[in-house]
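Here the structure comes first, spelled out in structure tokens, and everything after it is commentary.
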Amino acid sequence: MTLSAGEPSAFYETLFRPSAPATPLPAANDAEGEMPLGFALAQLSGIYVLAQNSHGLVIVDMHAAHERIMYEKLKDALDAREIPMQPLLVPVTFSADPLDVATVEEHGAILRTIGFDIAAASPKSLIVRALPAPLADADGRELASSVLREVREYGASRVLTEKRNELLGTMACHAAVRANRKLTVPEMNALLREMEATERSGQCNHGRPTWHQISVAELDKLFMRGR
């Protein structure tokens, strides 16, 4: 889908959904209207968001950052009892392994707890009627297949206890904005604001950094300014 410069996308709307307040980054200077991660300048190689703050240049790995945001949203929702569902306008039907069909029939209640409405359409096919609300724009077939694989591998009880973080990480990865997705400047700024409001946003779910600061002094040194 091609986005026009001023057109809000589903990704943009998802980023602006309310999240729990947090202070994972230094406090903003309200007097100057400064935000810790600054304001977006451009997108580089379809992977990085470049932003400017009072210290210099901020480089953000957009997929890693959005993955952490989605993970924390899912975790908060599940901690509050269950993840809300978003019915699909057009349900997704796909061919499935008989074991996945059996998993759906046996563990439908568990799947609904994590935001899925999936049913058997035939002995060898499934229909996805709703997805977790924070992930409503994800590929329904791929997301459902990955979740069913984990439920089948670990069992319904373990997947919501000791394997819960792995499950939520898998779900978040499927929903995170992909490389080479062209973002508008408002979308990039929405991502920066959500990072500032999300706990542990400095690292992705795999422990890699989501952003890096390059100071003006470092840039001056790189270009031998002042010598």
Side-chain angles (χ1 to χ4, degrees), residues 1 3 7-22 24 37 49 60-92 104 107-118 126-151 156 159-161 163-179 181 183-184 186-206 210-211:
M1 177 176 66
L3 300 173
E7 178 185 4
S9 68
F11 170 79
Y12 187 30
E13 293 169 358
T14 298
L15 284 177
F16 272 118
R17 288 173 187 157
S19 57
L37 290 178
V49 170
V60 174
D61 181 330
M62 66 184 197
H63 173 79
H66 194 211
E67 184 178 346
R68 168 58 76 176
I69 291 167
M70 299 310 296
Y71 173 83
E72 294 295 337
K73 284 180 180 288
L74 290 168
K75 184 166 68 69
D76 289 345
L78 193 54
D79 286 345
R81 194 173 64 86
E82 64 181 30
I83 298 172
M85 289 184 186
Q86 175 64 55
L88 300 179
L89 290 175
V90 181
V92 177
V104 166
H107 301 299
I110 294 296
L111 292 169
R112 285 190 290 275
T113 298
I114 57 176
F116 290 88
D117 181 359
I118 310 174
L126 294 170
I127 181 168
V128 181
R129 294 187 289 240
L131 292 175
L135 316 184
D137 299 316
D139 184 300
R141 175 178 180 169
E142 289 187 5
L143 178 57
S145 296
S146 294
V147 168
L148 289 173
R149 190 180 307 117
E150 296 207 14
V151 172
V159 85
L160 286 184
T161 53
K163 295 296 180 181
R164 189 185 80 148
N165 291 346
E166 288 89 336
L167 173 67
L168 296 180
T170 295
M171 293 166 64
C173 185
H174 276 280
V177 62
R178 299 297 182 182
R181 165 74 181 273
L183 302 183
T184 65
E187 286 176 327
M188 288 187 275
N189 279 320
L191 178 63
L192 298 177
R193 302 293 76 80
E194 276 287 326
M195 289 176 67
E196 291 164 352
T198 300
E199 292 185 5
R200 297 174 289 277
S201 64
Q203 288 188 332
C204 76
N205 303 337
H206 312 290
T210 60
W211 66 283

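Treat the numbers as computed from the prediction; the structure is a model and nothing was measured.
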- Query: What's the verdict on salt bridge (Lys or Arg N to Asp or Glu O under 4.0 Å) for R164 and D79, showing C-alpha distance, side-chain angles and the deciding distance?
  - Reply: CA-CA 11 Å; R164 189 185 80 148; D79 286 345; 2.7 Å; yes
Please step through side chain to side chain contact (heavy atoms under 4.5 Å, CB included) for the pair I118 and V147, ending with a clear verdict. CA-CA 11 Å; I118 310 174; V147 168; over 6 Å; no
What closest approach, in Å, do [X] and [Y] show between heavy atoms, and which atom pair accounts for it?
{"X": "P132", "Y": "I83", "result": "CB-CG2, 3.7 Å"}
{"X": "R81", "Y": "T113", "result": "O-CG2, 4.0 Å"}
{"X": "A136", "Y": "L88", "result": "O-CD2, 4.4 Å"}
{"X": "E142", "Y": "H174", "result": "O-CE1, 3.7 Å"}
{"X": "A65", "Y": "V60", "result": "CB-CG1, 3.9 Å"}
{"X": "A176", "Y": "H66", "result": "CA-ND1, 3.5 Å"}

Are the side chains of [X] and [Y] in touch, meaning some heavy atoms are under 4.5 Å apart?
{"X": "C173", "Y": "M70", "result": "no"}
{"X": "E82", "Y": "R112", "result": "no"}
{"X": "L148", "Y": "L126", "result": "yes"}
{"X": "L143", "Y": "F116", "result": "yes"}

- Message: Is there a side chain to side chain contact (heavy atoms under 4.5 Å, CB included) between N205 and L168? Walk through the geometry before answering.
- Response: CA-CA 10 Å; N205 303 337; L168 296 180; over 6 Å; no
Does [Y] offer a backbone N or O that forms a donor-acceptor pair with the side chain of [X] under 3.5 Å?
{"X": "R129", "Y": "P91", "value": "no"}
{"X": "R141", "Y": "V92", "value": "no"}
{"X": "T210", "Y": "S201", "value": "yes"}
{"X": "E150", "Y": "V159", "value": "no"}

Can you measure from [atom1] ([X]) to [atom2] ([Y]) and round to the nearest 0.5 angstrom?
{"X": "M188", "Y": "L37", "atom1": "CE", "atom2": "CG", "value": "14.0 Å"}
{"X": "N189", "Y": "E194", "atom1": "CG", "atom2": "CD", "value": "12.5 Å"}
{"X": "R68", "Y": "D61", "atom1": "CZ", "atom2": "CG", "value": "13.0 Å"}
{"X": "L135", "Y": "L74", "atom1": "CG", "atom2": "CG", "value": "4.5 Å"}

Report task. In sequence, state the C-alpha distance, the side-chain angles, and the governing distance for K75 and E199, and then conclude on salt bridge (Lys or Arg N to Asp or Glu O under 4.0 Å). Result -> CA-CA 11 Å; K75 184 166 68 69; E199 292 185 5; 5.3 Å; no
